[in-house]
Amino acid sequence: MQIWKLCLLHLLLFQSFHFTPSNGLNATAAKADVGVILDLQTTVGKIFKTCISMAIEDFYAQKTYNTMIVPHFRDSRSDVVAAASAAIDLLKNTEAMAIFGPQRSTQADFVIDICEKVKVPIISPATSPTLSPQESPYFIRSAWSSASQAKAIAAIVNKFSWREIVLIYEDSNFGSGLVPFLTKDLLESNALVSNISVIPLSAGNDRVLEQLYELKKMQTRVFIVHMLPSLASLFFKKAKEAGMMKEGYVWIISDVLTGLLDSVDPEAIEAMQGVVGVKAYFPRSNELKSFTRRWKKRFHKDNPEMETTELNVFGLWAYDSIAALAEGVERVGVTSPNFKKVANGGNLTDLEAIGTSNTGPSLVRFIRNFTSKGLSGDFIISNGELQPSAFEIVNVIGRGANRVGFWTQKYGISMNPKGNDPNKNLGAIVWPGQTSEVPKGWEVSGNANKLRVGVPIRSRTSELIKVEIDSKTKLVNATGFCIDVFEEVMKSMHYTVQFDYIPFDNSYENSTGYHYDDLIHQLFLKKYDAVVADITMSATRSQEVDFTIPYIESGISTVVLIRDKKNAWIFMQPLTIGLWLTIGAFFLFTGFVVWALEHRVNEEFRGPPLQQVGMIFWFSFSTLVYAHKEKVKSNLSRFVVIVWLFVVLVLTSSYTANLASMLTVQKLEPKDIRDLTKRGEYVGYKQGHFVRAYLDSTRSDNSKFRIYGSFEEYDEALSKGSGKGGVGAIADNVPSIRLFLSQYCHKYTVIGTYKKSGFGFAFQKGSPLAPDVSRAIMEVRENGKMDGISRTWFGEEGCGCRNVTDVASKAPLKLDNFKGLFIISGLSSLSALAVSLFTFFYKNRHVLASRASFKRKLSELAGAFDRERDEKSSSSSSKETRAVFEEIVVAENPAITILCDEEGMFSPSIELVVARA
């Protein structure tokens, strides 16, 4: 490419064109020659010329300046060589301070290299991202880069949840420049460029139709078109001819084509009805309205042969760019001579002989970072790049484009460029085919009308899926849980999807397998569009097909027979031996403490020694069931009993709970499948890749595995057990186990589940239907319809589906579990006993202080302990006798007076003295 440029450059230097410069507009100001290279035969070129001329006139009409731009217009005739020749002429013969143009990216690519060589600023509206101001310091882009629209287009695609896109662009630098940016932004929006079609600039009718028919064969119906108006006009005419501008198709056009729709011929506009596009947004200010009226008069005057043409944003950017250039020229001034020639240039090339611009470096620094308020709005050039702001989203209806919304980097899609739209909506869009219904963006295949859904003739269980074929009509009747879910999901789609069930014969002679891998491979070969069956998703299978999200939890569960075990001593198991002994010790200790506290004050705790020992046992153990009827009179005894009753409450409650749990768990057989295989028991399963792989991981000896084909065989094998030709457990996928347990409720139980990814519907790799079906599955789950289908086929949740992990096996309670309680009870009893002993010893301190022997003291203390109760008992009896006597005798004869002893006690041994009043 560089060699080609150098060869062309040398050719042009020897055969450069010479154009007569424009006459100056102001004889008193220093003239600044500026070259303008445009495609003057095109509508856009003519719009540019009028805008540039008016920009110069308006700028210098404001006030007197020391400099004045003199434009020198050159016609590139839409040709790269002509554009390069014009640039060399302007530099060599006119010594232009700057160049505006060319319009096209292919032309600007070569001119940028020339200007950089001679250090002359080039201001070009070329939009291709392949032309980078960062890489070319003398290049200033006066239009938004095509890359800036990629996020806006991706936002539209994401708004309507399209997942596959076909990108169509012209074969040029302008066309290819957008591809990497658009591909990246679409991927970030969860969309994929599934195909790319490149249209040559020289393509004729037949070539365009050929490529369109190839695109029509694809499933994808969303197309993004990035072309200039000349080629786009031909393309859309042929798209309509190919029948691709009807209902179901989506066409999105890029900003340059959208902004230049006025230059597209009416027949092409008629073919583009329903197309959606993006274009640069500029505010409609009063200044702009006034300028537009003046511009129309001027444009008609300059081009009387042309029909009415609308001013576009590219013309406004050209106007603002020339104003920025004029400001820059005024700042840096005009030098004479404008170019610095190389001394002794006899052996130099002609391009080097031109020299380098004296003002170019200063002028380019000013323009590369420039800000103003222009006709196009905020006109900001930063690092040589005109900065984008908002994009309009338009819909081609009638003779023009109707605005339906905006997109900004900050707010995304909205109805207002300032983002005042919390719902992020768009206005009403009329899609191709004059419909307001949003196209789904894909079709099953080419001209097919229905989705081809593969279903297996044989399956694990008929409740999951059952396929029957009418022998006469050959109609396929598919039923089962998987079928009901699939049909409900299809009803929940936001568009109609028609489908036919196509049976797949997955049964082979002398085989118990179901060969779902073969069915998946048929989908990979595109013999089906989708597959519905009880297929477990896996990484291996996902390499060939795309799965939806799981519509039912899957995995491998193991069921065993519920057995009743007889255990006559199970009531002892809730507590450990140590805890039993500790409880017994505390019963005796508490009974002794209460007896010690109550013996001296409570008649019920006295009597013969054996009776008192029995009282100790009886009182303490009777608190276990709160059956004690003895009333305690000492406050210390009451304190001890209250604490002990709390301890008994906690102990009995814990014992009852643990015993109940053990009695429940005893009815189950809590085992893990690994334990079963280690013990040598047989395990049954139904043929399946995943079940067998899991069983192989639990035991290397596969001789202990037995294959069964129905639930009846499961039941028979489990009932027999491993010792009688059956199995100790059955392993199968979770849905099948749920069905099995629904039929044999309360007879079997699950002992473990090995989680897997679940059942999902399979689609062809890259199918845009898969994500939409996934969203529909989530909707069916949330609205409760999935639960209804599950109840229909699996019954109510929980019948026979107990899992031993849910009924935890309770270990015996240990002493450590109640250590705190026993400490509290022991301290309480010891404290009360200590207080009672201290009081007793204090009352009998004279005994302790006597000189009698220890044995004598102990005997007297024991006698005092027992005697204190007798005395208190006698005193109490005397008082009671006196009270009765007073009530009976004295009440009848008030003249009788009772004489008592020194302590006021009544006793039969005291003589009664009766005195009459």
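Values reported hereafter were calculated over all heavy atoms of this structure, with side chains retained and with hydrogens, waters and symmetry mates removed.
Test Lys765, His521, Gln764, Gln522 against Glu544 for side-chain hydrogen bond (donor to acceptor under 3.5 Å, both in side chains) and you get one pass: His521. A side-chain contact (heavy atoms from CB on, under 4.5 Å) with Tyr528 is found for exactly one of Ile520, Val455, Leu519, Val545, namely Leu519.
Looking at Arg221, its side chain does come within 3.5 Å of a backbone N or O of Lys216 through a donor-acceptor pair. Judged by distance alone, the side chain of Asn195 and the main-chain N or O of Leu215 form no donor-acceptor pair under 3.5 Å. Arg775 places no side-chain N or O within donor-acceptor distance of the main-chain N or O of Ala770, the cut-off being under 3.5 Å. Of the possible donor and acceptor atoms, none in the side chain of Thr183 sits under 3.5 Å from a partner among the backbone N and O of Pro180. Proximity of a side-chain donor or acceptor of Thr258 to a complementary backbone N or O of Val278 within less than 3.5 Å is detected. Judged purely by atom type and a 3.5 angstrom limit, Lys785 has no side-chain atom pairing as donor or acceptor with the backbone of Glu488. Checking side-chain atoms of Ser197 against main-chain N and O of Ile168 turns up no donor-acceptor pair under 3.5 Å. When atom types are taken as modelled, the side chain of Thr536 and the backbone of Phe759 share no donor-acceptor pair closer than 3.5 angstrom. The closest donor-acceptor contact from the side chain of Ser767 to the backbone of Leu769 lies under 3.5 Å. Panel note: side chain Ser189, backbone Asn158; no donor-acceptor pair is recorded below 3.5 Å.
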Residues Asp772, Lys440; criterion salt bridge (Lys or Arg N to Asp or Glu O under 4.0 Å); working and verdict: CA-CA 9 Å; Asp772 289 349; Lys440 61 185 178 182; over 6 Å; no
Worked check of side-chain hydrogen bond (donor to acceptor under 3.5 Å, both in side chains) between Asp534 and Tyr516: CA-CA 9 Å; Asp534 48 327; Tyr516 283 170; 2.5 Å; yes
Chi angles and distances behind the side-chain contact (heavy atoms from CB on, under 4.5 Å) call for Leu167, Val179: CA-CA 8 Å; Leu167 180 57; Val179 175; 3.8 Å; yes
Residues Phe763, Phe547; criterion ring pair (Phe, Tyr, Trp, His ring centres under 6.0 Å); working and verdict: CA-CA 6 Å; Phe763 290 86; Phe547 284 102; 9.5 Å; no
Verdict with supporting geometry, Tyr501 and Asn477, side-chain hydrogen bond (donor to acceptor under 3.5 Å, both in side chains): CA-CA 8 Å; Tyr501 292 122; Asn477 180 34; over 6 Å; no
Residues Trp251, Met244; criterion side-chain contact (heavy atoms from CB on, under 4.5 Å); working and verdict: CA-CA 10 Å; Trp251 295 92; Met244 298 177 68; 4.0 Å; yes
Test side-chain contact (heavy atoms from CB on, under 4.5 Å) applied to Val453 and Ile502, step by step: CA-CA 6 Å; Val453 179; Ile502 301 177; over 6 Å; no
Criterion side-chain hydrogen bond (donor to acceptor under 3.5 Å, both in side chains) on Ser145 and Thr127, from CA distance to verdict: CA-CA 5 Å; Ser145 170; Thr127 60; over 6 Å; no
Criterion side-chain contact (heavy atoms from CB on, under 4.5 Å) on Asn425 and Lys159, from CA distance to verdict: CA-CA 9 Å; Asn425 288 325; Lys159 173 70 176 178; 4.0 Å; yes
Stepwise salt bridge (Lys or Arg N to Asp or Glu O under 4.0 Å) test for Asp255 and Lys279: CA-CA 4 Å; Asp255 59 347; Lys279 68 176 183 178; over 6 Å; no
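Here CH2 of Trp162 is found 16.0 Å from CG of Leu192. Values are rounded to the nearest 0.5 Å. Within the model, atoms OG of Ser736 and CZ of Phe711 stand 5.0 Å from one another, a figure rounded to the nearest 0.5 Å. For the atom pair CG of Leu178 and OG1 of Thr130, the computed distance is 11.0 Å after rounding to the nearest 0.5 Å. Distance check, rounded to the nearest 0.5 Å: CZ of Phe181 to NZ of Lys151 gives 10.5 Å. Separation of atoms OG (Ser774) and CD (Glu779) is listed at 13.0 Å; rounding is to 0.5 Å. Here Asp546 contributes atom CG and Phe524 contributes atom CZ; the two are 11.5 Å apart, rounded to the nearest 0.5 Å.
The minimum heavy-atom distance between Leu451 and Ala530, with the atom names listed, is CD2-CB, 4.3 Å. Shortest non-hydrogen contact noted between Leu209 and Ala242 is CD2-CB, 4.2 Å. Taking every heavy atom of both residues into account, Val467 and Pro456 meet most closely at CG2-O, 3.1 Å. Taking each heavy atom of Tyr249 and Gly243 in turn, the nearest pair found is CE1-O, 3.9 Å. Across all their heavy atoms, Ala155 and Ile413 have their closest contact at O-CD1, 3.4 Å. When every heavy atom of Arg738 is checked against every heavy atom of Ile552, the shortest pair comes out as NH1-CD1, 4.4 Å.
Within the 4.5 Å cutoff, the side chain of Val489 has no heavy atoms near those of the Thr548 side chain. Leu212 is not listed as a side-chain neighbour of Glu241, based on a closest heavy-atom distance of 4.5 Å or more. In this structure the side chain of Arg403 reaches within 4.5 angstrom of the side chain of Tyr281, judged on heavy atoms. For the pair Ile224 and Leu182, the minimum side-chain heavy-atom distance is below 4.5 Å. Ile196 is listed as a side-chain neighbour of Tyr169, based on a closest heavy-atom distance under 4.5 Å. The closest side-chain heavy-atom distance from His226 to Ser146 is below 4.5 Å. With contacts defined as side-chain heavy-atom distances shorter than 4.5 Å, the pair Ile156/Ile393 qualifies. Contact annotation: the side chain of Val394 never approaches that of Val276 to less than 4.5 Å [non-hydrogen atoms, C-beta and beyond].
Phe391 and Trp407 have tilted rings, their planes meeting at an angle from 30° to 60° on a 0 to 90° scale.
Glu468 has a carboxylate O that lies under 4.0 Å from a charged side-chain N of Lys466, or vice versa, which qualifies the two as a salt bridge. Salt-bridge annotation for Arg541 and Asp517: present, with a side-chain N of the basic residue lying under 4.0 Å from a carboxylate O of the acidic one. Looking at Glu188 and Lys184, a side-chain N of the basic residue comes within less than 4.0 Å of a carboxylate O on the acidic one, giving a salt bridge.
No more than 12 heavy-atom neighbours from other residues, nucleotides or ligands sit within 6.0 angstrom of CD on Glu437.
Phe740 has its ring centre less than 6.0 Å from the ring centre of Tyr748. Between Tyr551 and Phe761, the distance separating the two ring centers is shorter than 6.0 angstrom.
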